[in-house]
Q: 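Here it is: the structure, laid out below.
In this chain, residues are counted from 1 in sequence order. For ligands, and for the atoms within them, numbers begin at 1 and follow the listed sequence.
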Amino acid sequence: MNASLDKALDAIRRRSPRRTVFFTGAGVSAESGIPTFRGAGGLWRNFRSEDLATPEAFARDPKTVWEWYEWRRELVRDAEPNAAHRAIAALPGAVVVTQNVDGLHARAGAHEVVELHGNILRVRCVREGGTFDAPSAFDVIPPRCACGSLLRPDVVWFGEMLPDEAVARAMVAIRGADLLVVIGTSGVVYPAAGMVSLHRGLSIEINPAATPLTTNCTYAVAAKAADVTPQLVDAIQEACHA
Ligand code: NAD
């Protein structure tokens, strides 16, 4: 048994947290078969993910960017929520603040999900700004809106602003939480990563690797999300019903 997990579970039992926020990144979906950006599997046709998820890349070469997105959208369509998504969804009142664009928290049945970086199965017209759900593969790449302009994935690219409403909801939830569980994020993508420091109180990181957020957290559990999140959620539920 992981010594930090023991300590984290003890802290949960002592504090009986009633408002838990899960702050998640790509690692929470790794065990659903969706590659993270950093680490193994972060490359696609020799491109780094960070070089494709930018407005500049889209302006220069929308076809290549869309081909990459169609590959990722197919992975997301075929993926199923894993044990971590399901455990989080089973905790009444929990809020999920996610950097993920895969929609797996919602598909697992999570009650409140704040998507900081949008959703990959939604698209937006670059001229008119209208968004709509478009989960199926497009026949023609890059796809176009009825108005003739390019469509783009409705996600936040590196260098773009986060949606105001999502940021506001995330800040309220994180400030008001008595437990923050930080799962599967490298903690280097700002401003999202900076939200972790808004939290005062008990915080637990779940990530097989150390990150810049590790020292900010009360406990760091070096493990995979699907292996330990269910135990953490069980401990929260038991503590709250004790
Ligand atoms: P990242 O790719 O930068 O880092 C992934 C982190 O997950 C790493 O720290 C890694 O150690 C950890 N990790 C890997 N496997 C894990 C597991 N099984 N359990 C727990 N942790 C694990 O991801 P990020 O910090 O979310 O930032 C990258 C950006 O990429 C985000 O903005 C996000 O929108 C986007 N992204 C999203 C998805 C998705 O929606 N599934 C996938 C890739 C990237």
Q: Is it the side chain, the backbone, both or neither of Ile34 that has a heavy atom closer than 4.0 Å to ligand 1?
A: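 Only the side chain of Ile34 comes within reach of ligand 1.
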Q: Ignoring hydrogens, what is the shortest heavy-atom contact between Leu213 and Ala193? Give both atom names and the distance.
A: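 Scanning both residues, the minimum pair turns out to be CD2-O, 4.0 Å.
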Q: Using a 4.0 Å cut-off to any heavy atom of Gly25, which atoms of ligand 1 qualify?
A: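 Contacts of ligand 1 toward Gly25, numbered from 1: 26 (O).
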Q: For Val101, is at least one N or O under 3.5 Å away from an N or O on ligand 1?
A: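 Among all N and O atoms of Val101, at least one is under 3.5 Å from an N or O of ligand 1.
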Q: Below 4.0 angstrom from a heavy atom of Ala209, which ligand 1 atoms are there? Numbered from 1 as shown, please.
A: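 Under 4.0 Å from Ala209, ligand 1 has these atoms: 11 (O).
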Q: For Phe158 and Phe37, take the angle between the two ring planes, folded into 0 to 90°, and tell me which bin it lands in: parallel under 30, tilted 30 to 60, perpendicular over 60.
A: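 Tilted.
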Q: Tell me which part of Ala26 gets within contact of ligand 1: side chain, backbone, both or neither, using heavy atoms under 4.0 Å.
A: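 It is both parts that get close, each with some atom under 4.0 Å.
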Q: I need the nearest protein heavy-atom contact for atom 28 (C) of ligand 1: residue, atom name and distance, please.
A: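 Minimum-distance protein heavy atom for atom 28 (C) of ligand 1 reads Arg38 NH1, 3.5 Å.
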Q: Suppose we measure from atom 2 (O) of ligand 1 to each protein heavy atom; which comes out shortest, and what is that distance?
A: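 For this ligand atom, the closest protein heavy atom is Phe37 N, 2.7 Å.
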Q: Among Ile183, Leu5, Val181, Thr229, which residue satisfies the side chain to side chain contact (heavy atoms under 4.5 Å, CB included) criterion with Val221?
A: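 The single option meeting the side chain to side chain contact (heavy atoms under 4.5 Å, CB included) with Val221 is Leu5.
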Q: What atoms of ligand 1 come closer than 4.0 angstrom to any heavy atom of Ala30?
A: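 Near Ala30, meaning under 4.0 Å from one of its heavy atoms, ligand 1 has 15 (N).
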Q: Report, in ascending order of atom number, the atoms of ligand 1 lying under 4.0 Å from any heavy atom of Val189.
A: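 Once the distances to Val189 are compared, the set is 27 (O), 28 (C).
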Q: Do Arg152 and Glu160 sit within salt-bridge range, that is, some charged N less than 4.0 Å from a carboxylate O?
A: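 Result for this pair is yes, salt bridge flagged.
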Q: Under 4.0 Å from a heavy atom of Gly184: give me the atoms of ligand 1 that qualify, with their elements.
A: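 In order of numbering, the contacting atoms are 5 (C), 6 (C), 7 (O), 20 (C), 21 (N).
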Q: I'd like to know if Pro35 contacts ligand 1, where contact means a heavy-atom distance under 4.0 Å to any ligand atom.
A: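 So Pro35 counts as touching ligand 1.
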Q: Is Asp51 paired with Arg48 through a side-chain N to carboxylate O contact shorter than 4.0 Å?
A: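 Answer for the salt bridge query: yes.
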Q: Between ligand 1 and Ala225, is the shortest N or O to N or O distance under 3.5 Å?
A: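 The answer is yes, given that Ala225 and ligand 1 share an N or O pair closer than 3.5 Å.
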Q: Between Cys125 and Ser149, which heavy-atom pair has the shortest distance, and what is it?
A: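 Residues Cys125 and Ser149, closest heavy atoms: SG-CB, 4.0 Å.
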Q: Of the side chain and backbone of Ser186, name the one, both, or neither that has a heavy atom under 4.0 Å from an atom of ligand 1.
A: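 For Ser186, the contact with ligand 1 is made by both the backbone and the side chain.
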Q: Closer than 4.0 angstrom, basic N to acidic O: yes or no for Lys224 and Asp227?
A: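 No, this pair does not count.
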Q: Taking only Lys NZ, Arg NE, NH1 and NH2, and the carboxylate oxygens of Asp or Glu, determine whether Glu67 and Lys63 approach each other closer than 4.0 Å.
A: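 Looking at Glu67 and Lys63, the cut-off is met.
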Q: Using 4.0 Å as the upper bound for N to carboxylate O, is an ion pair formed by Arg77 and Glu74?
A: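 No, this pair does not count.
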Q: Within the side chain of His199, is there an N or O that forms a donor-acceptor pair under 3.5 Å with the backbone of Val196?
A: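 Such a contact is absent between His199 side chain and Val196 backbone.
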Q: Establish, yes or no, whether the cationic atom of Arg72 lies under 6.0 Å from the six-membered ring centre of Trp68 and within 45° of the ring axis.
A: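 Arg72 over Trp68 ring: yes.
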Q: Could you check atom 14 (C) of ligand 1 against the protein and tell me its nearest heavy-atom contact, residue, atom and distance included?
A: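 Nearest neighbour among protein heavy atoms for atom 14 (C) of ligand 1, to 0.1 Å: Gly27 CA, 4.0 Å.
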Q: Who's closest to atom 36 (N) of ligand 1 heavy-atom-wise, of Arg72, Lys224, Glu31, His117?
A: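 Of the listed residues, Arg72 has the closest heavy atom.
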Q: What residue and heavy atom of the protein are closest to atom 39 (C) of ligand 1, and at what distance?
A: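 Looking only at protein heavy atoms, the one closest to atom 39 (C) of ligand 1 is Asp102 OD2, 3.5 Å.
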Q: Is ligand 1 less than 4.0 angstrom away from at least one heavy atom of Asn207?
A: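 Yes, Asn207 has heavy atoms under 4.0 Å from ligand 1.
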Q: Just to confirm my output: which protein heavy-atom neighbour is closest to atom 34 (O) of ligand 1, and how far is it?
A: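 Checked against all protein heavy atoms, atom 34 (O) of ligand 1 sits closest to Gln99 O, 2.4 Å.
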